[in-house]
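Have a look at the structure below, then the notes.
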Amino acid sequence: MKSERPLRSLDELTLDSKFSIQELISRESFDVLLRSMNELFAVPIRVFATDGALFSEVGPASPLQSYLGTLPGARRSVRETVEQVKSSTPQGDNDLRLQGETGERYTVIALTYDGRPLGRAVVGPYVLPSESMPQALAQCDPLVSSDRLTQVWGEISRSDEASVARLARHLRSMLGLILFSGHRALLASNMHIASVQESFRELSEKSATLQAAYERLKELDRLKSNFLATVSHELRTPLTSIIGYSEMLVAGIAGDINEEQRDFIGTIHDKGEQLLELIKGLLDLTKLESGTLNLHKLDIPILPILKDIVHTLTPTARNKGVILSATGDAGMPTLWGDAARLRQVFLNLTENAIKFTPAGGHVTLSAQIAHVELPTDEEGPAIVLRGVKRPMIEVRVADTGIGIPESERPRVFDAFYQVDSSSTREQGGTGLGLSIVKRLVDAHDGTVEIGENIPRGAVFVVRIPCKRLSFFG
Ligand SMILES: Nc1ncnc2c1ncn2[C@@H]1O[C@H](COP(=O)(O)OP(=O)(O)O)[C@@H](O)[C@H]1O
Ligand SMILES: [Mg+2]
């Protein structure tokens, strides 16, 4: 089915739509139909679309008209016959029979589909089998040759009106059949295309809305980071004064204080320190999120960092009745990282481990070398290095505490997220520690995973590459 028209929208595609014959029928197959009609009935047939354009034709031009066209005096009657045929429009199924000044006959058939006009078929010119030439023709021009006239008259197709009526009937019913399947196919394919276009349009709209929402969220996220950075920074200055002055008061610089006052000031000092830690955490997080935190990476050994953490946190652990220890092979390679930031990572993890382990429990930090296969789904050099193992330092922070349910493990790295159980809430904290840990480990090209410490407790496994990844030795 050929269609030069632009596609219709779904709304336009109703059964009331106007279709043209060119749109509904392939010219090639219609030509075949007309040719077989012509073979059966031996009369010329021309089919015109509603706009008057010739759609298909079969049979020779009129030999009589060709001859008369060469005679100046006869041209008018030829022109008038043609005009008469052109301007006649049959109504409904009533075929229009015409006889021109040249004596030739035509039958004009209205072509409709479902009551809608599609065009006209003009059958002719023909003359009746026994019909003789009109007398007027012989006098139409002084130059006319009666022999030649008799000859071309004899060449005009012969047919009786009953045959032409049969032809009209056949043409109509054949056309009806072709149109029915054509219309159905056109409607189906247009419907299909229109509905695909409609879903595409809907999808594009949704994707544009999502894109806009995404941009807006990104902007909000940036504003939030800026806001946090500014506020945290501004909070730090007055807080430093609060902590400083409370220290001076306790030291007796402003005069003697009694035990109760010392107690109160001690609380002010401790809460001030706590607030300062929180603000530092927020600042770190905003810097990590915006990528403005600078890491000073060097080749560093891991064991001294772990030992230092054990040293720092032993009093806290002892207070809780938790045993804290660190183990590791002295001959381990160095890793590539920022010592102060890695200390922050393991300090956070160890603090958590102590916090969530009841008295009598153990918290153990252990370091070993691990060979981790490079991911093969990365593009570029990783493909060349497929199967190559990368040496990493693996640090496990294991405790015998309450553990973390598997379903919560992915979420504890979110900022401000705390596993919602009363035991967690009792311990205090802000929920920032692990999100900073995760980002710092990421910044070291490392990984952090949570496991179960059989038979009880949690274990955090951190892996940091030993060396800067270099593809050229
Ligand atoms: N070793 C652990 N054992 C059990 N739960 C833990 C442990 N470490 C972290 N969690 C859970 O993860 C949450 C988030 O930890 P974190 O980000 O450090 O925040 P915070 O320590 O301020 O609560 C904790 O509140 C706790 O619910
Ligand atoms: Mg914590």
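In each ligand, atom 1 is the first atom listed, and ligand 1 is the first ligand listed. As a basis for the values below, the full set of heavy atoms in this structure was taken, side chains included, without hydrogen atoms, waters or symmetry mates.
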Which of the ligand 1 atoms, numbered from 1, are nearer than 4.0 Å to a heavy atom of I404: 4 (C), 5 (N), 6 (C), 7 (C), 10 (N)

Atoms in ligand 1 flagged as close to V412, the criterion being non-hydrogen separation under 4.0 Å: 12 (O)

Looking only at heavy atoms, what is the nearest atom pair of F413 and L434, with distance? CD2-O, 3.5 Å

Consider ligand 1: state whether an atom of it lies below 4.0 angstrom from any non-hydrogen atom of F413. no

Taking the basic N atoms (NZ, or NE/NH1/NH2) and the acidic carboxylate oxygens, is any pair closer than 4.0 Å for R172 and D95? yes

Taking all non-hydrogen atoms of both residues into account, name the closest pair between L249 and A254 and its distance. CD2-CB, 3.8 Å

When you measure from the heavy atoms of E408 to every atom of ligand 1, does any distance fall below 4.0 Å? no

Report, in ascending order of atom number, the atoms of ligand 1 lying under 4.0 Å from any heavy atom of K355. 20 (P), 21 (O), 22 (O), 23 (O)

Judged on heavy-atom distance to atom 8 (N) of ligand 1, which of T400, I436, V437, N352 sits nearest? N352

Quick test of your reading of the structure: of A353, A398, G403, A415, whose heavy atom lies closest to atom 4 (C) of ligand 1? G403

Is a salt bridge present between D284 and R439, judged by a nitrogen-to-oxygen distance below 4.0 Å? no

Just distances here: any N/O of V419 and N/O of ligand 1 closer than 3.5 Å? yes

Between R409 and E449 (salt bridge meaning N to carboxylate O under 4.0 Å), is one present in this structure? no

Under 4.0 Å between a side-chain nitrogen and a carboxylate oxygen: does that hold for R222 and E219? yes

Are G401 and ligand 1 in contact, using a heavy-atom cut-off of under 4.0 Å? no

Is there a polar contact between ligand 1 and D399, counting only N or O atoms under 3.5 Å apart? yes

Considering the heavy atoms of L434, write down every atom of ligand 1 situated less than 4.0 Å from one of them. 9 (C), 12 (O), 14 (C), 15 (O), 16 (P), 17 (O), 18 (O)

Find all atoms of ligand 1 within a distance of less than 4.0 Å from any non-hydrogen atom belonging to Y417, and give their numbers and elements. 13 (C), 14 (C)

Assess whether atom NZ of K224 is packed by more than 12 heavy atoms of other residues, nucleotides or ligands within 6.0 Å. yes

E57 and R35 ion-paired at < 4.0 Å: no

Just checking E406: does its CD atom have more than 12 heavy atoms from other residues, nucleotides or ligands closer to it than 6.0 angstrom? no

Would N348 count as a contact of ligand 1 if the rule is a heavy atom under 4.0 Å away? no

Indicate yes or no: does R396 engage E394 in a salt bridge with an N to O separation below 4.0 Å. yes

Is the distance from the Mg ion (ligand 2) to the nearest N/O/S atom of N352 under 2.8 Å? yes

What I want to know is whether S435 and ligand 1 share at least one N or O pair that is separated by under 3.5 angstrom. no

Donor-acceptor side-chain pairing of S56 and D31 below 3.5 angstrom: yes

One residue to check: E351. Relative to ligand 1, which of side chain, backbone, both or neither has a non-hydrogen atom less than 4.0 Å away? neither

Got an N/O contact under 3.5 Å between G431 and ligand 1? yes

